[in-house]
Amino acid sequence: MLFDLELIKSVYKDMPARIEAARKNLGRPLTLSEKILYSHLYDDESLHAFKRGEDYVNFSPDRVAMQDATAQMALLQFMNAGKSKVAVPSTVHCDHLIQASVGADEDLQEALLQNNEVYNFLQTVSDKYGIGFWKPGAGIIHQVVLENYAFPGGMMIGTDSHTVNAGGLGMVAIGVGGADAVDVMAGMAWELKMPKLIGVKLTGKLSGWASSKDVILKVAGILTVKGGTGAIVEYFGEGADALSCTGKGTICNMGAEIGATTSIFSYDKNMSTYLRHTGREEIADLADAIMPHLRSDEEVALNPEKFYDELIEINLSELEPYINGPFTPDLAHPLSEFAEAVKRNNYPQKLEVGLIGSCTNSSYEDLSRAASLAKQAKDKNLKVKSEFIVTPGSEMVRYTTARDGILSEFEDIGGVIMSNACGPCIGQWKRHTDDPTRKNSIITSFNRNFAKRNDGNPNTHGFVASPELVTAMAIAGDLTFNPMTDTLINEDGVEVRLDEPTGYELPPQGFDVKDAGYLAPQEDGSAVKVVVNSDSERLQLLAPFNEWDGEDYTGLKLLIKAKGKCTTDHISMAGPWLRFRGHLDNISNNMLIGAINYFNDESNSIFNPLSGKYEEVPVVARAIKAEGLASIVVGDENYGEGSSREHAAMEPRHLGIKAVLVRSFARIHETNLKKQGVLALTFADKADYDKIQEKDVIDILGLKDFQAGKNLTLILKHEDGSQDKIQACHTYNDVQIDWFKAGSALNLIRKQNC
């Protein structure tokens, strides 16, 4: 099945001339990222040297991808945009709503039963508006995109932070909220601040236990969870070219965990080979013909310090495996130091579960290398000490690995094969445990490991590693085990050692699949009726948010002052709440219930200024709103880190929160707040965070003269009658200020299309 051939031909036809124009305008050689960005400028965007990290730029992405959890709200918004069909190729992928419990077949059937209303809605809307639909069980959105849609030199957005996975095929792929997707599907410009560029030079070649996953685990340790914010991470060098295409995808995928706008690799022979193995020979031929335009200019590689804002160098020949965590994906431990860290920090040494797969590491290469260790365990008479769970990334990978005996190797040692879906990676895991709150350790080949992320238990210590290392650790059942140096005692009492993993970059017999799970939309969907029942618990039609009334915000009640890490999981949890992703009012009952209240170090317990009692966050927010009042949220550093879920912005808007004031924002969340009409502000002086008191009433002044680059003034009115006046910064430009005044970006789109 070959998608978008004519689109890709069109992109490649215009790309060389556009790159040359940009090179001439900037007066210097270009990085790959710059070539793609400048060749995807929106039609009315004038070509000039945009300032990285400063200038907002309008772009024209080639396509949009949405997963089923975020697609619900994105499509509910698109239905209000006044369009009869999407303007660019778009797809919906049903991967988030399948809960991993007992096994692939049973779990898929249960999901079809439980989510029938939502799946029917998504398929019907897709049919009506010309959107491709990937059925439940077809696979995880990012793996399916890599196998079918990603192409070198292209630009796409997706309503999931791990959209960046497509950078493994040389594509600028960026995670966004649903409102951004609506812009692009409606044929409008998509706005992004011109990213800074971080260069990562890779030398040498991976060998032994080291894998592509270890590259990004090391980079995460270097840059931390916010070190890539506002930047594209571009990998280059001989080491980069030596990595497999899916290995590149793994690295780009987890770039979301360092806050990067996206990550990317230059086009090379391994990408060409992958395109050909996935049935896209014509695209490979087209890309091969313009390969120099799909790579950074030679001068960039020779003098990278002149072209990147930051430069990192990693020798793959010297890279050892890493294990990151717990509770944050940037706590990086080289394998040789991990056992000592486990003992020093009193992490639970017994490993209860090992999980491999997910959108990050579910390729044929990943599974074949992990299976080589499973086979060793069987051959060497080792009993696997931990529970072991395997999640294939797509039906094509599942079918091919089953055909080649790879999945049976896992099953032979007690592994359970789950459905081709996100499952445990996003909290969709019905974990079988005798104590759901016990302090315990798990290790995964996933991308995120925030507290409660996988199983809802704040005491689960989640660690992240390569599939190979996860498999070895599951065999040992002990976090202090180092397969590079340690031995195990088998069932015969004999001391044995695991050999280095081996595998195949691509299946020797080629990929195969009987039913990939794709449904094409109707050519003319005008007669298709989309029905949402008014009494549905899962779906709710959207009403437009109110426009700004032209006045300063006064008398705002402090809802919560969040302490420390406050990710989108803290603001709008996933797991069992996924079932309400299409119903704004119902899902708003999870708003900020995971955030830690600065004043009592508890979650979901805040002071209600109306009752004088401590109550749940959504309860207090609803009470304040019911009185005709409004509230404000205060947060710490990198507020909104993690998923692209715009529910974390829509819920506060729905429950009457006028502004969010923080020390710093994660990029996607800040944009989502702006799109929904919530005022997104940062402390001009980060120390002013400490001035916020529990019973404060806050005024925001200067909105009547709201201008780009001009601070706003906040008056903090304390319970004792004293006041503090502080300054708040913002990053709004003129267009975004118009969003605010209209009440939301969607309100503005609707006006323009009516």
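Starting from 1, each residue takes its place in the sequence as its number.
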*Given side chain to side chain donor-acceptor pair (under 3.5 Å), test Arg448 with Ser161 step by step and report yes or no.*
CA-CA 11 Å; Arg448 292 197 174 129; Ser161 57; 2.8 Å; yes
_Residues Ser211, Asp214; criterion side chain to side chain donor-acceptor pair (under 3.5 Å); working and verdict_ = CA-CA 5 Å; Ser211 71; Asp214 299 306; 3.3 Å; yes
*How far apart are the C-alpha atoms of Tyr518 and Phe133, what are their side-chain angles, what is the distance that settles it, and do they pass the ring pair (Phe, Tyr, Trp, His ring centres under 6.0 Å) test?*
CA-CA 6 Å; Tyr518 175 72; Phe133 183 78; 9.0 Å; no
*Could you check Ser363 against Gln143 for side chain to side chain donor-acceptor pair (under 3.5 Å), going step by step and ending with a plain yes or no?*
CA-CA 8 Å; Ser363 67; Gln143 185 69 28; over 6 Å; no
_Chi angles and distances behind the salt bridge (charged side-chain N to carboxylate O under 4.0 Å, His left out) call for Arg295, Asp268_ = CA-CA 8 Å; Arg295 297 178 62 86; Asp268 59 20; 5.0 Å; no
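When each of Ile264, Val215, Ile314, Ile312 is tested with Tyr235 by the rule side-chain contact (heavy atoms from CB on, under 4.5 Å), just one qualifies, namely Val215.
Remark: the Thr70 side chain and the Glu646 side chain contain no N/O donor-acceptor pair separated by less than 3.5 Å. Defined by atom type and a distance below 3.5 Å, a donor-acceptor pair is missing between the side-chain atoms of Gln67 and Asp95. Side-chain contact, Asn253 with Asn447: a donor N or O sits under 3.5 Å from an acceptor N or O. Glu468 and Thr471 share no donor-acceptor pair across their side chains, judged by distance under 3.5 Å alone. Side-chain N/O atoms of Asp180 and Trp190 include a donor and acceptor closer than 3.5 Å. Side-chain polar atoms of Asp62 and His40 form a donor-acceptor pair below 3.5 angstrom. With hydrogens and angles left out, the side-chain atoms of Ser244 and Glu505 include no donor and acceptor closer than 3.5 Å.
Salt-bridge check for Lys226 with Asp330: failed, with every basic side-chain N at 4.0 Å or more from each acidic carboxylate O. The residues Asp297 and Lys35 are annotated as salt-bridged, a charged nitrogen and a carboxylate oxygen being separated by less than 4.0 angstrom. Under the 4.0 Å criterion applied to side-chain N and carboxylate O atoms, Lys9 and Asp4 are not assigned as salt-bridge partners. Asp68 and Lys135 are not joined by a salt bridge, as no carboxylate oxygen comes within less than 4.0 angstrom of a charged side-chain nitrogen. Ion pairing between Glu281 and Arg276 fails under the 4.0 Å rule for side-chain N and carboxylate O.
Contact of the Met15 side chain with the Tyr38 side chain is not registered, since no non-hydrogen atoms from C-beta on lie closer than 4.5 Å. For the pair Val735/Glu191, a side-chain contact is recorded, criterion being any heavy-atom separation below 4.5 Å from C-beta on. You'll find the side chain of Val225 reaches within 4.5 Å of the side chain of Asn638, heavy atoms only. The side-chain heavy atoms of Pro61 and Met156, taken from C-beta on, include no pair separated by under 4.5 Å.
Taking a 6.0 Å sphere around NZ of Lys196, one finds it holds 12 or fewer heavy atoms contributed by other residues, nucleotides or ligands. Other residues, nucleotides and ligands place no more than 12 heavy atoms under 6.0 Å from the CD atom of Glu282. The local environment of CD in Glu298 is sparse, with at most 12 non-hydrogen atoms from other residues, nucleotides or ligands closer than 6.0 Å.
Heavy-atom minimum distance, Pro321 versus Ala210: CG-N, 4.2 Å.
Residues Phe3 and Tyr149 bring their aromatic ring centres within 6.0 Å. Annotation: Tyr308 is in aromatic contact with Phe236 [ring centroid separation under 6.0 Å].
Relative orientation of the Trp134 and His93 rings is parallel, given thresholds of 30° and 60° on the angle between their planes. Note on ring orientation: taking the six-membered ring where Trp is involved, the planes of Tyr364 and Tyr504 are tilted (angle from 30° to 60°). Under the 30°/60° scheme for interplanar angles, the aromatic rings of Phe151 and Tyr12 are found to stand perpendicular. Classified by interplanar angle (parallel below 30°, tilted 30° to 60°, perpendicular above 60°), the ring pair Tyr274/Phe511 is perpendicular.
Using a distance-only test at 3.5 Å, with no hydrogens or angles considered, a donor-acceptor pair links the side chain of Asp366 to the main chain of Ser362.
In this structure, CG in Asp160 is found 3.5 Å from NE2 in His142, a value given to the nearest 0.5 Å.
Residues passing the salt bridge (charged side-chain N to carboxylate O under 4.0 Å, His left out) test with Glu147, sequence neighbours excluded: none.
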